[in-house]
There are 2 protein chains.
Amino acid sequence: MSKRQRPDVSSPAFASGAKIRRVTTASAIYEQLHAAILSLQMKPGVALQEKRIAEEFGVSRTPVREALLRLAEAGLVEIFPQSGTFVSRIPVSAIPEAVVIRKSLERTTVEQAAEIATADDIARLDAIIARQRVHAALNEPSQFHEQDEAFHEAISVIAGYPGIWSILKTAKLQIDRARRLTLPVRGRMDSVIEEHVTIRDAIAAHDVDRARGAMMHHLSAVIPDIDELRLVYPGYFS
Amino acid sequence: MSKRQRPDVSSPAFASGAKIRRVTTASAIYEQLHAAILSLQMKPGVALQEKRIAEEFGVSRTPVREALLRLAEAGLVEIFPQSGTFVSRIPVSAIPEAVVIRKSLERTTVEQAAEIATADDIARLDAIIARQRVHAALNEPSQFHEQDEAFHEAISVIAGYPGIWSILKTAKLQIDRARRLTLPVRGRMDSVIEEHVTIRDAIAAHDVDRARGAMMHHLSAVIPDIDELRLVYPGYFS
DNA sequence: CTGCACGAATTGATATACTAGTATCCAAAA
DNA sequence: TTTTGGATACTAGTATATCAATTCGTGCAG
């Protein structure tokens with residue numbers, strides 16, 4: 001039998017390696033562009049060129065193209081064959097749907113988490129909330145948002161459905177982009193922390209109904225007002 | 001300066017539709033391999049070689065690579081850098097999660113569909129069910145399955161959440177692969193039709209609770225018995 | 001006989017070169 | 001002045017070549 005079988009997928013190899021190419025240039029470029037689009041440094045609707053990007057990064061078009069293809073699948077860019085590549089506009093119609101998807105899946109994860117969470121799990125949530133308090137106090141929105149994501153991801157993991165989080169991440173993309181357009185609301189970070197605490201408490205108490213209710217309330221509170229944004233930023237939406 | 005200044009509003013396509021050439025060879029190869037893997041013509045675990053595939057299709061390695069990268073994102077192949085590419089084994093651990101995802105999202109779509117379905121919508125469902133009856137009578141499992149997917153997609157569309165269907169499609173992938181391994185159960189097609197009719201009736205009656213119940217029952221009925229399959233097809237699962 | 005080190009072969013990753021579709025601009029005709 | 005058709009210069013798609021890393025066999029040393 002000549003069939004090869006990879007013995008170990010998770011070969012961390014020589015993790016300290018300075019030269020090991022765990023990250024291909026293509027994925028590095030993907031990360032960069034992904035972040036730039038999500039942070040709106042690259043504005044919706046603007047044209048991209050494989051060639052120019054390749055020159056900026058000092059690489060050939062091949063890895064750039066690979067990155068753009070992945071971004072296209074994520075819905076962050078649109079590729080028109082033989083014509084051009086553009087940063088995708090935020091699809092207004094997709095936003096309410098994304099909210100529904102979030103509510104549907106996070107309802108499932110938070111319910112299951114409330115059923116089976118262990119003391120260790122709660123401790124993990126507490127640690128995340130603690131970090132959020134720090135970032136809120138220091139007024140660091142970026143890191144705060146990072147920990148916000150970590151909180152929701154943790155609940156997925158606790159529920160035993162880590163794959164759901166990756167779905168949520170892609171569903172959240174356009175919402176997050178729109179949210180970047182909203183001015184930071186004073187005190188919003190504190191409210192988020194409060195809501196997270198409520199969710200955490202319900203999970204810790206194994207109170208499924210209360211956990212679901214708290215999560216639904218939390219998710220309803222973060223919906224950006226699209227109609228208003230469209231007026232202020234015409235051309236950013238489709 | 002001769003540089004062309006493109007106003008960012010210019011989207012090159014009045015392409016709100018299907019007029020664009022999307023028959024790039026890369027996507028054609030993707031479709032082919034996708035179908036081959038899903039139908040198990042390509043068995044889980046076997047090695048693939050870009051070079052050989054390129055020769056078979058009579059193209060260069062570039063579009064083949066592009067297709068493989070997309071398949072890797074869908075979880076249908078695994079690429080080990082500098083080592084090899086393999087048709088992914090069916091991840092047993094992901095199957096229960098996929099079922100949960102399906103139940104969560106289809107619960108949402110069927111509830112909403114039951115709320116707002118119009119007579120036209122019901123007619124569309126009836127048409128699909130009618131086609132299913134034909135394929136069942138003629139014992140055409142492949143086309144039957146096609147209409148089965150169409151039924152669930154239609155419900156997503158009726159609910160106003162077409163994007164949920166595309167999520168469901170990718171979530172369903174591994175389930176469908178496993179299901180291909182099960183022997184066709186005699187009379188199963190007829191049961192599916194009955195369950196679809198029940199769902200359809202509940203939607204038509206705008207009975208949200210009954211629609212949800214019928215859908216949950218339907219989804220529970222199509223879960224393949226993984227443990228048994230693992231015994232019969234060792235090496236197909238991971 | 002065993003273990004380790006080295007090297008050839010094979011693979012995916014990247015670079016470069018070429019092809020073919022598309023939009024824009026400008027000139028010529030109405 | 002407006003319209004229209006084609007030249008032109010762009011783009012992404014594809015082909016080919018090169019690079020680098022991993023694997024596995026082989027041979028030498030212990």
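Keep in mind that this is a model prediction, so the values were computed, not measured. Sequence lines set the chain letters: A, B, ... in the order given, protein chains first and strands last, and positions in each chain run from 1.
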Strand-adjacent residues in residues 49-77 of chain A, judged by heavy atoms under 4.0 Å from DNA chain D: A:Gln49, A:Glu50, A:Arg61, A:Arg65

In plain terms, say whether A:Arg230 and A:Asp227 are close enough for a salt bridge, that is, a side-chain N and a carboxylate O under 4.0 Å apart. no

Dump the intermediate steps for salt bridge (charged side-chain N to carboxylate O under 4.0 Å, His left out) on A:Arg89 and A:Glu78, then the final yes or no. CA-CA 9 Å; A:Arg89 292 182 167 77; A:Glu78 286 178 298; 5.8 Å; no

Do side-chain atoms of A:Thr182 reach the backbone of A:Ala178 as a donor and acceptor pair under 3.5 angstrom? no

My understanding is that only residues two or more places apart in sequence, or in another chain, count here; which of them pass side chain to side chain donor-acceptor pair (under 3.5 Å) with B:His196? B:Gln132, B:Asp148, B:His218

Any base atoms under 4.0 Å from B:Ile29, or only sugar-phosphate, or nothing? Heavy atoms, all strands. nothing

Side chain to side chain donor-acceptor pair (under 3.5 Å), that's the test. Do A:His152 and A:Glu106 meet it? Break it down for me. CA-CA 8 Å; A:His152 290 270; A:Glu106 297 225 43; 2.8 Å; yes

Reckon B:Thr24 has a side-chain N or O less than 4.0 Å from the OP1 or OP2 of D:dA12? no

Is the shortest side-chain heavy-atom distance between A:Glu73 and A:Leu69 below 4.5 Å? no

Correct closest heavy-atom pair for A:Val64 and A:Ile29 would be CG2-CD1, 3.9 Å

Rounded to the nearest Å, what distance is computed from the CD1 atom of residue B:Ile79 to the P atom of nucleotide C:dT10? 21 Å

How long is the line joining OH of A:Tyr30 and P of C:dA13, in whole Å? 17 Å

Using a strict cut-off of less than 4.0 Å between a Lys/Arg side-chain nitrogen and an Asp/Glu carboxylate oxygen, indicate whether B:Arg52 and B:Glu56 qualify as a salt bridge. yes

Would you kindly give the CD-to-P distance between A:Gln82 and D:dA12, to the nearest whole Å? 9 Å

Secondary-structure string, 5' to 3', Watson-Crick or G-U under 3.5 Å, | for another-strand partners, for DNA chain C: ||||||||||||||||||||||||||||||

